[in-house]
Structure formats: C-alpha cells, structure tokens
2 protein chains.
Amino acid sequence: MKDLTERKQKILKAVVDEYIENASPVSSGEIKAKHLKDISSATIRNELSALEEMGYLIQPHTSAGRVPSRKAYGLYVDKFLVDHPLTPKEIQIIEESFNERFDEVQDLVKRTAKVITDVTNYTSVIVLKNIDTVRLREIKLVGLDEFSALLIIITDNGIIRDKVIAYTEALNEKYIAEASMHLNAIFAGKMVGEITSDEKAQKLISAQFKKYKELYENIIKVLKKYATNAESNVYLDGEGKFLEYPDQDIYSTKDFLEAIDSKERIADIINNDNNIEFSVKIGKDESGGIEKCAVVTAKYKLKGKEIGHAGVIGPERMDYSKVMSVLSYIGKTLDEITDGGKHGQERLNSTEQTGKPNQRRTNDRRGSDKDSK
Amino acid sequence: MKDLTERKQKILKAVVDEYIENASPVSSGEIKAKHLKDISSATIRNELSALEEMGYLIQPHTSAGRVPSRKAYGLYVDKFLVDHPLTPKEIQIIEESFNERFDEVQDLVKRTAKVITDVTNYTSVIVLKNIDTVRLREIKLVGLDEFSALLIIITDNGIIRDKVIAYTEALNEKYIAEASMHLNAIFAGKMVGEITSDEKAQKLISAQFKKYKELYENIIKVLKKYATNAESNVYLDGEGKFLEYPDQDIYSTKDFLEAIDSKERIADIINNDNNIEFSVKIGKDESGGIEKCAVVTAKYKLKGKEIGHAGVIGPERMDYSKVMSVLSYIGKTLDEITDGGKHGQERLNSTEQTGKPNQRRTNDRRGSDKDSK
DNA sequence: GTTAGCAGTCAAACCTTTAGAGTGCTAAAT
DNA sequence: ATTTAGCACTCTAAAGGTTTGACTGCTAAC
C-alpha cells in the first residue's frame with residue numbers, strides 16, 4: 001500500500017486533470033467514466049482512499065470527491081505534464097506582439113508580460129535581475145540646469161534607468177561633462193554590488209576625486225537605492241484576471257491581492273529559487289508563496305543573457321502544461337528575435353533595427369522542459 | 001410639496017450622513033434618534049416620502065429605509081459639506097511625507113498619491129496634464145551607442161520623460177550633439193500639440209534639416225505617442241483599498257477593477273471636467289464615470305503651475321467632507337514647499353534644495369472650498 | 001401641519017425536508 | 001489477493017416554510 005503503482009499514478013493524474021478543468025471535487029465515478037473505463041468505481045475508490053492516506057488527496061467532507069493536495073500538484077508538475085501545443089491563434093498573438101519593433105528593453109519586457117497574460121489568461125509577472133548582480137555598461141550624466149543632472153544608468157543587459165540628482169552648488173556644463181567622464185571610468189564594467197559594498201574603494205575614490213565628491217556620493221546613493229528596490233524590477237500585467245477564477249475562497253483572494261500589491265513580496269517569491277529553468281511554487285509554505293496560488297516562472301533571456309524571470313501567478317489548479325508550453329514558446333520566440341544572428345555579441349544592447357518587422361515563422365515547439373520546484 | 005424646505009434639507013442631509021457612516025438604508029426612527037429629536041418619526045416618514053418623490057431618495061424595497069440617490073449626493077456635495085478638520089495625526093502624516101527632499105517631479109507625484117491614500121483610505125489617483133498641452137522646456141539627445149540615443153524631454157512644469165530612439169545608420173557622438181542642438185532650437189518653448197498637429201511646419205522643418213530627418217521624425221513619433229498615451233500620465237496608489245468597503249455588490253466591484261485597470265478610462269473621467277477647482281463625479285452616467293463609485297479630484301499645482309488633477313476614487317458613499325479637506329490641505333502644503341519663496345520663477349523645475357528638510361508648520365486650514373460637479 | 005397608533009410588507013434568519021451525489025464497507029466473484 | 005457489485009450511510013445543497021423585526025403607509029385624533 002506504500003507504493004505509487006502505475007495505476008495509482010494514473011488515477012492521481014486523472015484527479016488533478018479533472019480538478020484543473022472543473023474546479024470541483026472529483027468522484028470515483030467521474031474518473032471511471034472519463035479516464036479509466038475498464039476498472040470499477042469501487043476499485044478506484046479503494047485507490048483513492050490509499051492515495052488520500054499517502055497525502056496526495058484531500059476529501060473536503062466524507063461524502064465528497066477528492067481534491068489534489070499540494071503534494072499532488074508537485075508530483076503532477078514533476079511527472080505528468082504533457083506537451084500542450086499552442087493553437088494557431090495563440091501563436092499568432094505571440095508572433096504579432098513581438099513583430100513590432102522595440103527600442104528599449106523595458107518596452108519588450110512590458111510587452112512580454114502582456115502577451116503572457118493574453119495567452120494564458122493569468123496574471124503575469126516578470127522580475128528582472130536585481131541591478132545589484134548586473135554589470136554596469138556605462139553611466140552618463142546630463143546636466144539639466146545648474147542644480148541638477150540626469151543620471152543615466154545603462155546595464156550590461158541593455159536596461160536603462162535614470163534618475164534626477166540634485167546638488168547644492170551650481171555646476172556648469174563643462175564640469176558635468178568632465179565629471180561624467182571621470183565617474184564613468186570608475187563605474188563602467190563594475191557590478192553595482194561591487195561598488196556599493198566595497199566601502200574601502202568608495203572612500204578611496206571619494207578622496208581621489210574630491211572635486212566630484214558630492215556627485216559621486218549621490219550616484220552611489222541612487223545605485224544603492226536601485227539595488228534594494230524591487231519596485232522598479234517587477235512588471236505585472238493582468239492583475240484583474242483573478243476575477244475570472246472565482247472558485248477560490250475569500251481568504252486566498254485577499255492574499256492574492258496583497259501579494260500583487262507588494263512588489264517586494266513578488267520579487268522574493270520569484271528570486272527564491274532562481275537557478276532552475278522552470279520554477280513552480282505551489283501554495284504558501286515556510287519559504288513564502290501565496291495561499292492557494294501557484295507561481296510558475298521560467299528564466300527570461302534576451303540575446304542569450306539571462307535578465308530575470310518571467311511567469312504567471314494563478315490558482316493552484318492552473319493549467320500547468322499550457323502555461324509551461326506558453327512560457328517555453330515565448331522564450332524561444334524572444335531568443336529568435338533578439339539573437340537572430342543579426343548582430344554580434346557586442347551589440348547586445350537595447351535597440352533593434354528599425355524598419356521592417358522581423359521575419360520569422362515557427363510552428364514547431366518543444367513541450368515542457370521543466371525542472372520543477 | 002415641490003419645495004425643498006429647510007426641514008427637508010436637514011432630513012436629506014441626515015440620510016446622506018447616516019448612509020455614509022453606516023452603509024445601510026436609513027430609517028425614519030434613526031433620523032429622529034440621531035438628528036431630529038424634536039419631530040416625530042411619522043412626520044419624518046412623510047418628508048422622506050416627499051423626498052423620494054422628488055428623486056433624492058430611493059427605497060430598496062417597501063419595508064426598508066431610504067438610500068440616497070445620485071441626485072442626493074450631488075446636492076450634498078454642493079450644499080452640505082462641512083469643514084472637517086484634520087486630526088493631528090493626519091497632519092503629521094502629510095507633513096512628514098513631504099518633508100523629505102525630492103529630486104524629481106514624478107517622485108513628488110508618487111508621494112502625493114501615496115499620502116492621499118494613507119490619509120483618506122481610498123484609492124488615490126493623479127492624472128498629469130497631457131504633455132500635449134504643455135510647453136517643452138528643452139529636449140536633449142544623448143547617444144547610447146551608434147544606433148540609438150536617449151531622448152530626454154523636459155517640460156515646462158518640470159516633468160522629465162525619456163525614451164530610447166533607434167536609427168538605421170550609425171551616427172557618431174558629434175553628429176548627435178549637433179542634432180541635439182538643432183532640434184532643441186526647433187522644439188524648445190513649443191507646445192507638443194503645436195508641433196505634432198502642425199503638419200505644414202513639420203514638412204518644412206523636415207525638409208530644412210534634411211540631415212536630421214530620420215531623427216526628427218522619430219522624435220515627433222515619440223512625442224505623438226506620449227501625447228496620446230494616458231499610461232504615463234496616470235498615477236494610482238492604494239488600488240486594493242476597495243476591499244475595505246465591501247458593501248458594494250459584485251457588479252460595481254468589477255466595474256471598479258476594470259476602471260482601475262484602464263488608465264485611459266481614468267484619464268478620461270478626470271480630464272472630462274477639468275476646469276474647476278474641485279470636481280466630483282458620482283456614479284456612472286452618459287459621460288462616463290464608474291458604477292457606484294465617486295471620483296473626487298482637485299487641481300494639482302506645483303509652484304503655482306497647474307500640472308494636473310489629484311484625487312480619490314471610492315464608493316459613492318464616500319466621506320466627501322474629509323476627502324475634500326484632505327485634498328485641500330495637501331494642495332496647500334504642496335504650494336508651500338514648492339513655492340516657499342526660495343527660488344524665483346525661472347527655477348521652477350524639478351529639483352529642490354538638498355540638505356535639511358523644509359521647515360514649515362501650519363495647522364490652520366481651510367475647509368472645503370469646493371466648486372462641485 | 002403634526003403625531004400616535006396600528007396594520008401591512010418585506011427581507012433576513014432560521015428551520016426542516018428532500019434529493020442526490022458520493023463514499024465506505026461487506027461479501028461475493030474472479 | 002484483487003476486483004467488483006451492492007447497499008447503507010453521510011453530508012451538502014437546494015427548496016420550502018416559519019418567524020422575527022424593522023420599516024413604512026395610512027388613518028384618525030390632536
């Protein structure tokens with residue numbers, strides 16, 4: 001009775017599939033009718049009972065069917081995912097959405113979030129790698145008026161951020177330009193983490209470049225702020241989608257909304273286990289998560305460089321196969337448009353050639369190359 | 001029976017006040033007990049009946065109390081608002097929030113939204129004036145690499161936006177700098193509307209500055225996009241607050257969420273009647289609005305310049321007096337910190353002196369200087 | 001014009017009943 | 001030793017029926 005026999009697995013898969021589809025407890029009769037016509041419901045009941053004892057199923061009350069437990073979803077994601085080919089319509093949505101040219105990485109990120117939502121019908125989320133762990137390509141300083149300048153931070157993966165910084169003494173254009181050069185020499189190529197954590201070097205530089213001290217310190221401050229600021233790294237789309245799966249009880253809806261509200265929390269959840277290709281986090285446990293929700297994410301790569309994670313937040317009973325197929329397809333599409341052999345590695349910045357839309361058409365796709373939680 | 005006698009007004013006000021407080025239909029007995037002890041409930045019933053006939057009240061069913069109609073709210077906002085002094089704690093929240101220095105107008109805007117939500121406990125919304133109707137102070141072009149540059153748009157009210165633009169031919173730094181100067185000469189001081197709508201001038205310029213044609217056209221495109229793009233002008237905070245007034249039925253919650261989801265719609269509602277100091281839009285009517293919700297906004301000024309509208313989206317039965325008092329107080333506070341006689345008009349850009357927080361302390365405040373819908 | 005008093009209405013809360021979906025168990029069949 | 005049929009049992013959800021009490025509307029007296 002301790003073994004997960006093949007038949008038990010089949011039945012378990014049937015329960016999960018059925019529950020994902022209908023959101024109501026699955027009965028033995030239902031399984032017999034739709035999945036395993038050749039054994040009797042009584043036998044299935046025995047198996048269900050065993051599976052319940054093993055912790056895979058939950059019975060809301062004695063005379064109800066069974067509902068998958070978190071453990072069951074975990075196993076399901078590990079073993080039972082099937083290839084879920086995208087419909088031509090879905091493919092079309094994705095292709096069209098990426099056919100338009102983009103000038104800026106952030107644009108593309110937003111668009112990706114939107115398309116994930118459109119195709120999966122779940123709330124989508126993209127969390128970019130913390131600027132902390134990313135190399136600076138360049139910083140620029142552009143004077144705005146005598147008391148302020150725009151600091152432009154360009155990271156190695158092509159993301160551009162900027163921020164106004166102000167200073168107390170009036171500075172002229174020339175001074176700014178000079179400072180910009182000097183400071184750039186210091187910052188370029190370094191990781192933000194390196195700069196902000198290395199107090200010694202900071203002091204040294206700060207002393208060496210006395211003239212630019214205030215500016216330098218301001219810049220460090222801005223970088224530090226970005227490094228600890230989830231806000232600017234988290235992109236959401238389709239926050240209202242949860243209204244479309246209303247089988248959840250009030251509690252989890254509230255937890256969902258609270259989670260959605262706090263970008264820090266989202267970032268924490270998604271950055272938690274971020275070294276695997278696909279990550280699936282089901283429900284809330286010691287290490288975080290969202291009550292009654294599942295978070296499925298995949299590595300988000302642009303031009304071969306990993307720039308963060310992209311995925312979906314939905315009910316536990318989400319259509320995992322579909323979501324993973326969609327994420328996988330989108331990943332592949334992004335790969336193609338950003339790394340289509342057009343430019344060498346050195347130009348892997350934020351811009352894409354203007355003019356005609358990228359030509360591509362691929363209908364084959366891999367199913368679920370997963371890794372699971 | 002056609003006149004809104006003084007007593008009727010009192011009763012109407014009582015109904016609205018009571019309903020705002022308790023969210024349940026108001027009965028004649030309640031009014032007698034809490035508001036008009038010296039007339040009998042029977043008399044009040046007669047009056048209620050008359051008020052209902054006049055369209056101010058609605059009876060959900062025969063044996064229920066009365067609920068205010070939209071017409072009643074309108075009258076209430078017009079005539080019955082009272083001065084609603086802020087508590088010391090509320091004042092403290094506001095003051096503290098603005099005491100920190102800010103470098104950028106957008107920062108201040110976000111902070112304003114946050115503080116409105118914190119103090120009123122409603123979802124707050126700030127809609128900046130469309131860039132279309134605002135004069136450009138300056139544009140800058142900063143080369144990022146040979147195929148792209150960052151376009152920085154600085155408007156007359158100190159708002160900074162930027163956008164990467166890409167071009168097809170490699171351009172060097174010098175070229176960009178030159179173009180930046182030339183183009184700036186063309187754009188500075190003009191309103192975006194002027195530039196984008198005047199096709200003739202566009203053609204002319206485009207011919208005259210042949211060298212910069214592609215750039216110029218790209219810039220126009222970006223400006224046009226901003227001009228028609230609500231997204232970047234709408235700031236929300238406290239989107240989840242609606243959970244805290246759950247007396248609404250499912251429908252209106254849905255409409256609320258849908259409205260919140262679409263920044264265009266928000267912008268439409270708020271820009272609709274934007275020439276009055278305070279605007280109150282109750283419920284949904286021909287000209288838009290949100291079912292069962294009220295939108296209260298005030299002009300949002302910085303350094304004496306009107307830069308948009310700030311306000312609140314909440315249930316129809318919102319605490320109008322309080323909201324208006326809060327908006328008014330915040331408006332006054334902003335006036336003081338941004339125009340405290342520190343700099344002349346010419347420096348009304350985005351920066352504020354660094355260092356010590358602004359010193360100010362004002363506890364007097366005006367109540368409700370309203371204008372109403 | 002106002003009020004007291006009372007009949008009438010209606011929603012909400014609370015039961016009770018019923019139906020049926022689904023299980024668990026037992027004993028027979030394989 | 002499994003599998004299955006059969007049946008008693010459980011529990012929810014839906015439907016129907018009462019009761020309660022909060023209101024109103026009306027009438028007749030003040």
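Below, read A as the first sequence line, B as the second, and so on, with proteins coming before strands; counting in each chain starts at 1.
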I'd like to know if [X] and [Y] make a salt bridge, using a cut-off of under 4.0 Å between side-chain N and carboxylate O.
X: A/Glu90; Y: A/Lys322; value: yes
X: B/Glu52; Y: B/Arg66; value: yes
X: B/Asp255; Y: B/Arg265; value: yes

Open item on the list: Check whether A/Tyr56 forms a cation-pi arrangement with A/Lys71 (NZ or CZ under 6.0 Å from the six-membered ring centre, at most 45° off the ring normal).
Closed with: yes

Open item on the list: In whole Å, I'd like the distance from the CG atom of B/Leu36 to the P atom of C/dT2.
Closed with: 12 Å

Open item on the list: For B/Ala64, is there any backbone N or O sitting under 3.5 Å from a side-chain donor or acceptor partner on B/Gln59?
Closed with: yes

- [ ] Examine distances only and state if a side-chain atom of B/Ser321 and a backbone atom of B/His84 form a donor-acceptor pair shorter than 3.5 Å.
- [x]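 Not confirmed, B/Ser321 side chain does not pair with B/His84 backbone.
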
TODO: Verify the neighbour count for atom NZ of A/Lys10: are there more than 12 heavy atoms of other residues, nucleotides or ligands below 6.0 Å?
DONE: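 Not more than 12 within 6.0 Å, no.
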
Task: Short side-chain N/O contact from B/Ser40 to OP1 or OP2 of C/dT3, under 4.0 Å - done: yes

TODO: Go along nucleotides 13-28 of chain C 5' to 3' and tag each nucleotide: B for a protein heavy atom under 4.0 Å from its base, S when only backbone or sugar atoms are that close, - otherwise.
DONE: --------BSBB----

Task: Listed partners of A/Ala42 passing side chain to side chain contact (heavy atoms under 4.5 Å, CB included), at least two apart - done: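 In terms of side chain to side chain contact (heavy atoms under 4.5 Å, CB included), with neighbours along the sequence ignored, A/Ala42 is linked to A/Ser40, A/Arg45.
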
Task: First-last contacting nucleotides on DNA chain D - partner chain B, under 4.0 angstrom, heavy atom - done: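 Contact boundaries, 5' end first: D/dA22 to D/dG25.
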
